[in-house]
Amino acid sequence: MNRIWLFCISAGILYAMATQNLDAMNEVIHQVGKDTFDFVVPMLCVTCFWNGILNVAKDAGILKGVERLFSGVLHRLLPDVKNKQALGYIATNVVVNLFGLGSAATPAGLQAMKLLQQENPDPKHASRPMVTFLVLNTAGVTLFSTSIIAIRAAFRSQDVLSFLPFAILATVFASLIGLAVDRWWNYRG
């Protein structure tokens with residue numbers, strides 16, 4: 001990947017030199033730092049805010065209650081998982097992803113995969129529960145896409161939340177189709 005980036009940057013510099021457009025290249029180099037900073041700071045603030053809300057919900061026991069709500073569904077989706085702690089991490093991951101906090105869901109997802117790997121009879125291949133969890137994690141339903149909201153706010157969108165119904169619909173369909181393909185693949189013949 002480093003070679004690809006080096007090639008792209010070198011080609012851009014050579015093209016700017018060949019077309020005698022070095023002023024535009026200098027302007028872009030100076031502007032990209034500011035644009036990146038202007039983009040990252042709001043995203044960082046939103047992520048910190050929602051991670052704080054998540055920690056408050058965790059300390060208040062709200063997260064555990066929501067996990068209990070999902071435990072029945074998860075037992076049906078992952079009948080092969082015997083480790084209750086793994087199911088707890090999976091539930092936490094799903095709940096946190098519901099609120100669009102993928103970065104906050106990552107530690108729970110990694111712990112869940114580690115515990116699922118301990119139950120895996122063939123460590124070189126992903127087990128059925130691991131694949132199902134990956135589908136849940138990747139195509140999971142998101143009710144409140146905090147990252148997209150932060151991006152739209154950073155670019156001064158007229159209506160920051162206007163996409164939300166479409167995002168919910170898209171993630172619901174992605175989850176349903178992903179789980180249907182997973183069920184078909186796991187239980188075909």
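Side chains included, hydrogens not; waters and symmetry mates left out as well; all remaining heavy atoms used. Just so you know, these numbers come straight off a predicted model, no measurement behind them.
Between Gln117 and Pro123 there is a side-chain heavy-atom pair separated by less than 4.5 Å. Side-chain contact check for Ser175 versus Val172: every heavy-atom pair is 4.5 Å or farther apart.
Residues Asn97 and Asn137 share a closest heavy-atom pair of ND2-OD1, 2.8 Å. Here the closest non-hydrogen pair linking Val135 and Gly178 is CG1-C, 3.5 Å. Summarising the geometry of Val131 relative to Ala126, their closest heavy-atom pair is CG2-CB, 3.9 Å, with the distance given to 0.1 Å. Contact record, Val81 with Ala86: CG1-CB, 4.2 Å, taken as the closest heavy-atom pair. When all heavy atoms are compared, the tightest approach of Thr92 to Ala108 is CG2-CB, 3.9 Å.
In this structure a side-chain-to-backbone donor-acceptor pair under 3.5 Å is present from Thr171 to Thr142. Distance alone, capped at 3.5 Å, places no donor-acceptor pair between the Asn93 side chain and the Thr106 backbone. Arg152 places no side-chain N or O within 3.5 Å of a backbone atom of Leu161 that could act as its donor or acceptor partner.
Put simply, CG on Leu179 and CH2 on Trp184 are 15.0 Å apart, with the number rounded to the nearest 0.5 Å. Distance CG/Leu74 to CZ/Phe133: 9.5 Å, rounded to 0.5 Å. Taken from CZ in Phe7 to CG in Leu14, the straight-line distance is 9.5 Å, to the nearest 0.5 Å. To the nearest 0.5 Å, atoms CG (Leu77) and CG (Asp182) are separated by 8.5 Å. The structure places CZ of Phe144 at 13.0 Å from CG of Leu98, a figure rounded to the nearest 0.5 Å. In this structure, Met130 CE and Leu115 CG are separated by 10.5 Å, a value rounded to the nearest 0.5 Å.
Pairs passing the side chain to side chain donor-acceptor pair (under 3.5 Å) check and including a residue from residues 10-25, sequence neighbours excluded, do not occur. Listed by first and then second residue, the side chain to side chain donor-acceptor pair (under 3.5 Å) pairs involving residues 80-91 are Asp80-Arg128 (not counting sequence neighbours).
Applying the under-4.5 Å side-chain rule to Ile, Leu, Val, Met, Phe, Trp and Tyr, the cluster around Ile4 extends to Met1, Trp5. Grouping Ile, Leu, Val, Met, Phe, Trp and Tyr by side-chain contacts under 4.5 Å, direct or through others, leaves Leu110 on its own. Residue Leu22 is found in a hydrophobic cluster whose other members, listed by chain and number, are Ile9, Ile13, Met17, Met25, Ile29; membership requires side-chain heavy atoms under 4.5 Å apart, directly or through intermediates. Applying the under-4.5 Å side-chain rule to Ile, Leu, Val, Met, Phe, Trp and Tyr, the cluster around Val41 extends to Phe37.
Both Leu87 and Val73 are members of a single hydrophobic cluster when ILVMFWY side chains are connected at heavy-atom separations under 4.5 Å. If you chain together hydrophobic residues whose side chains sit under 4.5 Å apart, Leu143 and Leu169 never meet in one group. Hydrophobic cluster membership differs between Val40 and Val28, with clusters built from Ile, Leu, Val, Met, Phe, Trp and Tyr side chains linked at under 4.5 angstrom.
Taking a 6.0 Å sphere around CD of Glu27, one finds it holds 12 or fewer heavy atoms contributed by other residues, nucleotides or ligands.
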Starting from the C-alpha separation in whole Å, work towards a yes-or-no answer on side-chain contact (heavy atoms from CB on, under 4.5 Å) for Phe163 and Ser157. CA-CA 11 Å; Phe163 77 98; Ser157 172; over 6 Å; no

